[in-house]
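Computation of the quantities below employed the complete heavy-atom set of this structure, encompassing side-chain atoms and omitting hydrogens, waters and symmetry-equivalent molecules. Remember, it's 1-based here, ligands and their atoms both numbered in the order they're listed.
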Amino acid sequence: MSYVDEIIEAVTQNHPGEPEFHQAVKEVLNSLRPVIDLNEARYRREALLERLVEPERIITFRVPWVDDQGQAHVNIGYRVQFNSAIGPYKGGLRLRDNVNLSIIKFLGFEQIFKNSLTGLPIGGGKGGSNFDPKGKSDREIMVFCQSFMTELARHIGADTDVPAGDIGVGAREIGYLFGQYKRMKNCFEGVLTGKGLTYGGSLARTEATGYGLVYLLDEMIRTHGDQLAGKTVAISGAGNVAIYATEKAQQLGAKVVTLSDSTGWIYDPEGIDLAAVKEIKEVRRARLSEYLTVRPNAQYSTEGRVWSVSCDVALPCATQNELDLADAEALVRNGCRYVAEGANMPTTLEATEYFQAKGVLFAPGKAANAGGVATSALEMSQNSQRLSWSFEEVDQKLKGIMVSIYHKIDEAAKRFGAADNYVLGANIAGFEKVAEAMLAQGVAF
Ligand code: NDP
């Protein structure tokens, strides 16, 4: 049995009941086969893969809190400190009712490689709780965050583990978590990212994932002798990533013709009016259907998905598994040649393989949406130096990072005889740096 197959089997046996984690390990290790085969003897001797798939530390804890009616509740808190070979653990905290250890381990494992690709010194981690913030009052959210941090504070620190936001954890929750950490430790340090601008947050963090996605896309298109300017772009979602991807694509001369939310999607063949979308989604937090009151010639539909329109570029920026094989076939039929993932895992495996078989250039989320975590690492740098960089400085650094990520994944794909296979390139390029660091630091690290 090959080393990869042995490890996949061992993970499945040693950690039963963790399907999401098993799937992530399988997907990553399968695409690493070329590099693992090449170094098998050394990796086996050093038990590299056994160490890679086992988190350095898993912390689970009780999170007791009292609701507005005086009723006590208990949720489960998690922090998986997966790999610190190249820097302090870094990854978001997710608050959602379906959070469990398998999901946190899957996300933490993926985070190792994404963080490595940024070229910045950040290891992989993830955390959260099965607490569902929906319908909770501000006071209940604050009390939960304080209780969660009361335990988490023992395990994190600016040079140890720096959590950030994820689903259910935005600026409000980061504020409450930071306040409690500071109170407990009597220490003002960059222990969390995604902070407000008045207490150590970074300019351009809001724009970073969407802008970064388009910077990487632009570089991918240009290195293939083409240009983004003049292209028609289909984007899904109307949240943080979709809005700022639209903004940057428009700034670079592309025409964005679709956006969607969880109830329907808009098609505006003349190009999306982004000011109108920001007003609807960011200010009024309303449904996208209201777009028609501003742009009566656009179309709104609750049937199907954005991927049925004619476009050159598709940027899925909403949610997981939102682009399946039928969508991929429609996109290719209608002339789409470039796809880059803004969301995490928006494209199904079958759709990804179809794009690759048809010669569509496909940039996976691990590389394409790394602008968010990269800018979080820039927030850490600013906090360490007690400095705040201007928007332009952060944006320039972000652009440099995304261009460099593209060239890393392109080079790794070519080196292993799989030019333009950026799924393979991203996994290999992310893995190689972590593997080297783990080997250099010895086994008992
Ligand atoms: P938001 O919550 O801001 O936006 C998500 C958008 O997608 C919303 O407009 C939502 O609709 C829409 N949506 C949700 N489900 C569906 C669906 N089934 N069909 C169509 N639209 C849907 O999230 P973000 O923009 O921050 O994140 C989007 C994705 O990007 C996620 O996968 C996230 O993990 C990933 N990501 C985000 C990063 C960041 O920095 N924000 C960094 C890296 C990855 P509605 O408005 O109705 O809720």
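- Below 30°, between 30° and 60°, or above 60°: for His224 and Tyr422 the angle between ring planes is above 60°, a perpendicular geometry.
- For the pair Leu93/Arg79, a side-chain contact is recorded, criterion being any heavy-atom separation below 4.5 Å from C-beta on.
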Original post:
Could you walk me through whether Tyr181 and Glu189 pass the side chain to side chain donor-acceptor pair (under 3.5 Å) check?
Top reply: CA-CA 9 Å; Tyr181 180 88; Glu189 59 172 357; 2.3 Å; yes
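- Sorted by chain then number, the residues whose non-hydrogen atoms approach ligand 1 to under 4.0 Å are Arg205, Thr209, Gly237, Ala238, Gly239, Asn240, Val241, Ser260, Asp261, Ser262, Lys281, Arg287, Cys317, Ala318, Thr319, Gly342, Ala343, Asn344, Asn369.
- For the salt bridge (charged side-chain N to carboxylate O under 4.0 Å, His left out) with Glu379, the lone residue among Lys195, Lys397, Arg205 that qualifies is Lys195.
- A cation-pi arrangement is not found for Lys182 relative to Tyr199, the charged atom failing to lie both closer than 6.0 Å to the ring centre and inside a 45° cone about the ring normal.
- Proximity of Phe178 to Val191: side-chain heavy atoms (C-beta onward) are separated by under 4.5 Å at one or more points.
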